2 protein chains.
Amino acid sequence: MATIRDVAEQAGVSVATVSRVLNDNGYVGVETRKRVMGAIKSLNYSPNEVARSLYKRESRLIGLLLPDITNPFFPQLARGIEDEVNRAGFRLLLGNSDEEATKELEYIQTFLQNQVVGLISATNNTDNENYTNLDLPVVFLDRVSKQHPSVYADGIEGGRLAAKALVERGSKRITLIKGPGHVKPAMDRFQGALAELSAAEVDFSVLSTSSYAFDDARKRAEELFEKHSDTDGVIASNDIVAIAILHEALRLGRRIPEDLQLIGYDDIPFSSLSYPSLSTIRQPAYEMGKEAAKLLIRMIRKEKEIDQTIQLPVTLIERNTTRKVDPNA
Amino acid sequence: MATIRDVAEQAGVSVATVSRVLNDNGYVGVETRKRVMGAIKSLNYSPNEVARSLYKRESRLIGLLLPDITNPFFPQLARGIEDEVNRAGFRLLLGNSDEEATKELEYIQTFLQNQVVGLISATNNTDNENYTNLDLPVVFLDRVSKQHPSVYADGIEGGRLAAKALVERGSKRITLIKGPGHVKPAMDRFQGALAELSAAEVDFSVLSTSSYAFDDARKRAEELFEKHSDTDGVIASNDIVAIAILHEALRLGRRIPEDLQLIGYDDIPFSSLSYPSLSTIRQPAYEMGKEAAKLLIRMIRKEKEIDQTIQLPVTLIERNTTRKVDPNA
DNA sequence: CGCCTTTGTGTAACCGGTTACAGATAACTT
DNA sequence: AAGTTATCTGTAACCGGTTACACAAAGGCG
């Protein structure tokens, strides 16, 4: 690997001049610039980011902390972030926390040690001490925080929308699935749905789940029909759970949406490929990622007027696990 | 941020001694070590990785290059890699290449500039010049290369298995979906299936697809039934395509698996949640990721006897889009 | 024409670690 | 007891960039 000194020697100038050419700042003569460019090309030189980071006291890396990339909602977020962050010349340092505070702390620690310029976190412990004393631009994604800017979709509204959709379409004995209690957005959508159901003239019951894992979802689906076999409408905590329930319902011979209506949450890519395709509340994951990245970059650049929260809209995606709404209602 | 000099001062020793304590090498007196530890704790010091990387000429970062994290096969790989790499104290720099040589090159470039210790790549251009002159441990994942060690599952065998499964279970007019031509593993499984079908006493036709994207999959599914409405067995290029086809087949009222058998490839998490659940050829993605990481770490540690290729087994996962095999056959 | 500003370039300190080398003392050897 | 080796610690060079500062030459201005 050629260094800046090799280039300087080859071009017959000092390292300062080469640095000036590289960063396009300070004064450099036309002739000199050409010679330096030539040397760079001929040596196939590219500057060492590490050395630069050391002096500058910051790298061009951004830390990304996700609960679990294996959950289909997060790759979309990640992709949105990456695309945006790249355009601005940053790279991503990735970490999966599994919602464990220890892992989270470890990652934040190493991110700092690597002098990241910023951090995007989609984990729960937003007001954790890990973050409060952080002298670093931080954006929370899909979670809100009092201390740091956040990008999220309105979970309460989403929950409400989901419940309203089922009620309007005639479900009378609704089962509401409550997601993991420690996951904030899961609780929001639950609360939203709960409020809407409470206000409507329907019977409903609540079933708790403790994880979003695939296997767990399947088990919960079986349990659902044992406990509440007469339900005619299910509000799932997310699309994975919804699709597991759909699977189980079909296995049991339920007609969807005639006997049982079902609505998910997230609108992960697979939702449109289930059969019947899944009605759901869409969160614009890719866009959320993009927005979070944009916001962080603005913070990194110390721009003025930085939004404290960016709320993206949730929308009802009406597919085929819900009936058409009764025009007479 | 406290530096090593602050610690040294606080403990009344030189920076060299602090460094010795940190890295647990060289001689350090018991008393001195205690004082240094105390200073580290009281200053809440943690060493700057960037400075360390600069001197050592390598960081503790590993580059990971994926085609697209949004494709459900890759998060699993990524997670396997991350879990393994973490245990050895490394972190991941992530890049999505979209199979574009330019993006790939850019990422490799910045990985090098950040002095990564190793690189895991799941992209196609394995014998590309990008990699040939790389003075860095590289492992190819899900792709093979002549120059670098590779971890993969046997695509030819997988294709064969898929075709055999359908033939044995009585499909007579099979449609074989060919994946994107530039994606090596897609071609392998296609070749394997093709060979098996050619040797069997069945009619078959081939349908080409150019991408694995969800929207594309849906379109191709429609096209399939327009062109080959009499097919009674489909070998899909992967599970996404299979599930799209399943969706379309159900929409058209086909009975699965009675009228139409269907087999996918990969065994992504959703395959077991489709209804009917998808029969498929399983690639152990998480394990592949783990193996690739282990292999890379061995290379980084310059251990002897490094495998050039690690082939993981593909297995037929018999679910409900294929019939039970005829015991009289 | 003398003074000030702009342009062009080099020297060397600096970022925060690691380690080669040297020097000092203590512990073994024969 | 003298020589050898093990233990402990500090000084300073080094990794490869960036930039403050200095200096020189050229251009602009009253």
Side-chain angles (χ1 to χ4, degrees), chain A residues 1-40 43-61 89 109-117 135, chain B residues 1-40 43-61 89 109-117 135:
Chain A
M1 268 303 202
T3 74
I4 199 173
R5 279 162 237 276
D6 300 330
V7 175
E9 196 173 345
Q10 171 109 183
V13 299
S14 76
V15 292
T17 301
V18 178
S19 181
R20 287 187 196 107
V21 172
L22 286 173
N23 299 295
D24 212 19
N25 60 20
Y27 295 109
V28 179
V30 200
E31 213 15 74
T32 315
R33 163 167 274 118
K34 260 188 214 150
R35 282 215 315 288
V36 171
M37 301 283 237
I40 288 175
L43 290 170
N44 193 20
Y45 167 77
S46 89
N48 183 324
E49 265 297 313
V50 177
R52 187 185 157 284
S53 302
L54 178 58
Y55 184 86
K56 291 262 185 173
R57 288 190 170 114
E58 61 179 37
S59 68
R60 281 158 165 155
L61 303 177
Q109 187 69 12
T110 56
F111 288 171
L112 289 174
Q113 290 181 300
N114 282 285
Q115 299 190 167
V116 297
V117 254
D135 175 27
Chain B
M1 269 300 199
T3 74
I4 198 172
R5 278 163 239 276
D6 299 329
V7 175
E9 197 173 345
Q10 171 109 181
V13 298
S14 75
V15 293
T17 301
V18 179
S19 181
R20 287 186 197 107
V21 172
L22 286 173
N23 299 294
D24 211 20
N25 59 21
Y27 295 110
V28 179
V30 201
E31 222 1 86
T32 315
R33 161 166 276 119
K34 259 187 216 153
R35 283 216 314 289
V36 171
M37 300 282 238
I40 288 175
L43 291 170
N44 193 21
Y45 167 77
S46 88
N48 182 323
E49 266 297 312
V50 177
R52 187 187 157 283
S53 302
L54 178 58
Y55 184 85
K56 291 262 185 174
R57 289 186 168 123
E58 61 179 38
S59 68
R60 279 159 166 153
L61 302 177
Q109 187 70 14
T110 56
F111 288 171
L112 288 175
Q113 289 181 299
N114 282 286
Q115 298 190 165
V116 297
V117 253
D135 176 27

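Model, not experiment: these values are computed from the prediction. Reminder, nothing fancy here: chain letters follow the sequence lines and each chain counts from 1.
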Under 4.0 Å between any heavy atoms, over every strand shown, what does [X] touch: base, sugar-phosphate, or nothing? Just pick one.
| X | answer |
| --- | --- |
| B/Ser53 | nothing |
| A/Val13 | sugar-phosphate |
| B/Thr3 | sugar-phosphate |

Between B/Gly12 and A/Ala51, which has a closest nucleotide on DNA chain D that is more 5'?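 Taking each residue's closest nucleotide, the earlier one in sequence belongs to B/Gly12.
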Quick one: closest heavy-atom pair of A/Tyr45 and A/Val7, and the distance?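 It is CG-CG2, 3.5 Å.
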Could you report the tightest heavy-atom contact between A/Ser59 and A/Ser53, atom names first, then the distance? CA-OG, 3.3 Å
Looking at the side chain of [X], which of [options] is the nearest nucleotide?
| X | options | answer |
| --- | --- | --- |
| B/Tyr55 | C/dT18, D/dG17, D/dT7 | C/dT18 |
| B/Arg52 | D/dC15, C/dG17, C/dC15 | C/dG17 |
| B/Thr32 | D/dT9, D/dC14, C/dG8 | D/dT9 |

Counting only side-chain nitrogens and oxygens, does B/Arg57 get under 4.0 Å of the OP1 or OP2 atom of D/dG16? yes
Starting at the 5' end of DNA chain C, which residue's closest nucleotide do you reach first, A/Ala16 or B/Ala2?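 By nearest-heavy-atom nucleotide position, the 5'-most residue is A/Ala16.
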Any N/O donor-acceptor pair, A/Arg20 side-chain to C/dG10 base, under 3.5 Å: yes
More than 12 foreign heavy atoms under 6.0 Å from CD of B/Glu9: is that the case here?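 No, because the 6.0 Å sphere around CD of B/Glu9 holds 12 heavy atoms or fewer from other groups.
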